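Note that the coordinates shown come from a computational prediction; the quantities given were computed from them, not determined experimentally. Whatever order the structure lists ligands and atoms in, that order sets their numbers, starting from 1.
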Amino acid sequence: MNTYQTLLDYCQIHNTTLVAVSKTKPIEAIQELYDQGQRIFGENRVQELTQKHEAMANDIEWHMIGHLQTNKVKFIAPFVSMIHSGDRISLLKEINKEAAKVNRVIDVLLQVKIAQEDSKYGWSESELHEALEGETIQKYEHLNIRGVMGMATFTDKENQVRAEFKTLKDCFDKIKSNIFEQKNDFDIISMGMSGDYKIAIQEGSNMVRVGSLLFGARG
Ligand SMILES: *Cc1c(COP(=O)(O)O)cnc(C)c1O
């Protein structure tokens with residue numbers, strides 16, 4: 001079996017959704033996975049995402065996984081199927097506004113900062129709780145908050161990565177029980193990449209974002 005089929009089987013056995021992260025990779029490489037059945041692809045730049053969306057079949061679900069500038073939301077609002085990087089109120093507000101203009105409800109994940117490295121975007125747990133309890137976010141009718149997303153520290157210390165994933169699972173559980181208990185579709189924990197997806201799944205991930213393992217290393 002090829003790498004894609006092996007990974008897909010692994011994800012399916014573990015009830016985990018596979019997002020194939022195709023950033024920097026050409027259309028032909030994406031098409032190859034598409035032909036094997038993959039329909040969910042993740043990109044981290046608006047321009048690249050938009051171009052690839054235009055060039056490819058329209059049954060692809062495009063996920064925005066990278067940091068998103070507020071003034072660029074309008075370019076992806078008409079088609080993006082999920083935004084993983086919901087990391088601040090001003091962005092959520094803008095997504096709500098642009099989704100309303102095109103009469104859509106966009107699935108959004110709340111990006112939580114779990115890594116010790118301080119270069120990563122995302123809410124701290126306490127900021128997130130405060131924001132959600134403030135209720136403004138819950139009034140945004142054109143976004144559907146589906147869960148959380150996080151990235152572990154880039155390190156080969158497995159214990160640290162595992163602990164960071166545990167933190168995100170914990171955070172998800174708390175938000176679920178304190179705020180979204182009645183919301184059945186608050187159900188996604190997006191964590192795990194090429195180097196750590198197995199640990200992530202063990203710690204409760206149900207959506208992994210895998211790039212280099214599928215497409216080869218990026219330049
Ligand atoms: C690039 C990227 C990935 C995939 O990383 P790989 O190590 O290539 O699997 C996952 N998530 C985000 C947010 C990314 O930017």
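Partners of F165 under the ring pair (Phe, Tyr, Trp, His ring centres under 6.0 Å) rule, at least two apart in sequence or in another chain, do not exist in this structure. For Y10, the ring pair (Phe, Tyr, Trp, His ring centres under 6.0 Å) criterion is met by H14, Y197, not counting sequence neighbours.
Other residues, nucleotides and ligands contribute only 12 or fewer heavy atoms inside 6.0 Å of the CZ atom of R45.
At least one test fails for R146 against the ring of F186: distance under 6.0 Å to the centre or angle within 45° of the axis.
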In residues 72-81, what donor-acceptor pairs under 3.5 Å come from side-chain atoms, sequence neighbours left out?
{"unit_1": "K72", "atom_1": "NZ", "unit_2": "Q69", "atom_2": "OE1", "d": "3.4"}
{"unit_1": "K74", "atom_1": "NZ", "unit_2": "N71", "atom_2": "O", "d": "2.9"}
{"unit_1": "S81", "atom_1": "OG", "unit_2": "W62", "atom_2": "O", "d": "3.4"}

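Under the 3.5 Å distance criterion, with hydrogens and angles disregarded, a donor-acceptor pair is assigned to the side chains of E164 and Q160.
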In a simple table, one pair per line, please give the protein and ligand 1 atom names for every N or O pair closer than 3.5 Å, along with the distance.
{"unit_1": "ligand 1", "atom_1": "8 (O)", "unit_2": "S212", "atom_2": "N", "d": "2.8"}
{"unit_1": "ligand 1", "atom_1": "8 (O)", "unit_2": "S212", "atom_2": "OG", "d": "2.9"}
{"unit_1": "ligand 1", "atom_1": "8 (O)", "unit_2": "R218", "atom_2": "NH1", "d": "2.8"}
{"unit_1": "ligand 1", "atom_1": "8 (O)", "unit_2": "R218", "atom_2": "NH2", "d": "3.1"}
{"unit_1": "ligand 1", "atom_1": "9 (O)", "unit_2": "S194", "atom_2": "N", "d": "2.9"}
{"unit_1": "ligand 1", "atom_1": "9 (O)", "unit_2": "S194", "atom_2": "OG", "d": "2.5"}
{"unit_1": "ligand 1", "atom_1": "9 (O)", "unit_2": "G211", "atom_2": "N", "d": "2.8"}
{"unit_1": "ligand 1", "atom_1": "11 (N)", "unit_2": "R209", "atom_2": "NE", "d": "2.9"}
{"unit_1": "ligand 1", "atom_1": "15 (O)", "unit_2": "K23", "atom_2": "NZ", "d": "2.7"}

